[in-house]
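Take a look at the structure below.
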Amino acid sequence: NFVYAEPLNVTDLKVAPDGSVFFTMGGRDTEGGVYRVVYKGWSGGNWGEKVSGAMAAVRQPEPLSSWGHAAILKVKEELGDQFGPELEKIARDTNAADLDRVRALFLIERVGPRAKYELLQPLSQDASAAVRAAAYYVVGCHGSDRAKALAASGAKDADPFVRRRALEAVV
């Protein structure tokens, strides 16, 4: 089932540490309330399964929240020196879901160790447009001449979003 109301005048929304969504509604002479929506998995993939290791960081439900970032740092601490290599392994895995690969690449850049050219160059040529776009985004965070040259090569990509990310990286 999905949440439905007329009007559904949501006044605030927050994702909880367990991945559920809380929202409030009401105001202007309408009945208000606090509601919780619980995620039960989806048929398009395996996001409902329990994961461990680096995948627990990759599949954080809200990675940019303070609690999500703290959970990612906890996984990094638990894995120690294996955190970066495990994320690289996910990013390179062509059998993994594109979203997992993209998130792994963003986590490498965000919490370290910083993505190396030897990872970004092959990912910029990946079969997945989402992975190529993410690789160019991360390249844009580096600023070196070598990174800018790699980003410039993406300006010829067939996918318009990949081209956009590559050109943003050049700038």
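Sequential numbering from 1 along the given sequence is applied to the chain's residues.
Distance check: L119 CG to E109 CD gives 10.0 Å after rounding to the nearest 0.5 Å. Here the NE2 atom belonging to H142 is positioned 5.5 Å from the CG atom belonging to L120, to the nearest 0.5 angstrom. Note that CG of L150 is 6.0 Å distant from CD of Q121, once rounded to the nearest 0.5 Å.
Smallest separation of non-hydrogen atoms from A169 and A151: CB-CB, 3.6 Å. Nearest heavy-atom pair, L123 versus A91, reported as atom, atom and distance to 0.1 Å: CD2-O, 3.5 Å. Counting all heavy atoms, side chain and backbone alike, V102 lies closest to A134 at CG1-CB, 3.8 Å. Closest heavy-atom contact between A155 and R163: O-CD, 3.2 Å. Here the closest non-hydrogen pair linking P63 and R103 is CD-NH2, 3.7 Å. Of all heavy-atom pairs spanning I90 and A104, the tightest one is CG2-CB, 3.8 Å.
L167 and V131 are not part of a single hydrophobic cluster, where members link through side-chain heavy atoms under 4.5 Å apart. Linking Ile, Leu, Val, Met, Phe, Trp and Tyr residues whenever their side-chain heavy atoms come within less than 4.5 Å places F23 and W67 in a single cluster. Hydrophobic cluster membership is shared by Y35 and V10, with clusters built from Ile, Leu, Val, Met, Phe, Trp and Tyr side chains linked at under 4.5 angstrom. There is no path of hydrophobic side-chain contacts, each under 4.5 Å, that joins F22 to L13.
Contact of the V21 side chain with the R36 side chain is not registered, since no non-hydrogen atoms from C-beta on lie closer than 4.5 Å. Counting heavy atoms from C-beta on, the side chains of I108 and R114 never come closer than 4.5 Å. D93 places none of its side-chain heavy atoms less than 4.5 Å from the side chain of K89. The shortest distance between side-chain heavy atoms of L87 and L105 does not fall below 4.5 Å. For the pair V162/Y136, a side-chain contact is recorded, criterion being any heavy-atom separation below 4.5 Å from C-beta on. For the pair K148 and V170, the minimum side-chain heavy-atom distance is 4.5 Å or more.
In this structure, a donor-acceptor pair under 3.5 Å is absent between the side chains of D12 and T24. Counting only N and O atoms by type, the side chains of R132 and S124 include no donor and acceptor under 3.5 Å apart. No hydrogens or angles considered: nothing links the side chains of H69 and Q60 as a donor-acceptor pair under 3.5 Å.
Classification of R101 and D126 as a salt-bridged pair holds, one side-chain N sitting under 4.0 Å from a carboxylate O.
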Do any side-chain atoms of residues 71-86 form donor-acceptor pairs under 3.5 angstrom with protein atoms, and if so which ones, sequence neighbours left out?
unit_1 : atom_1 : unit_2 : atom_2 : d
K76    : NZ     : V111   : O      : 2.4

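Within the structure, the ring-ring contact (aromatic ring centres under 6.0 Å, His included) test picks out the following pairs touching residues 92-124 (sequence neighbours left out): F106-Y137.
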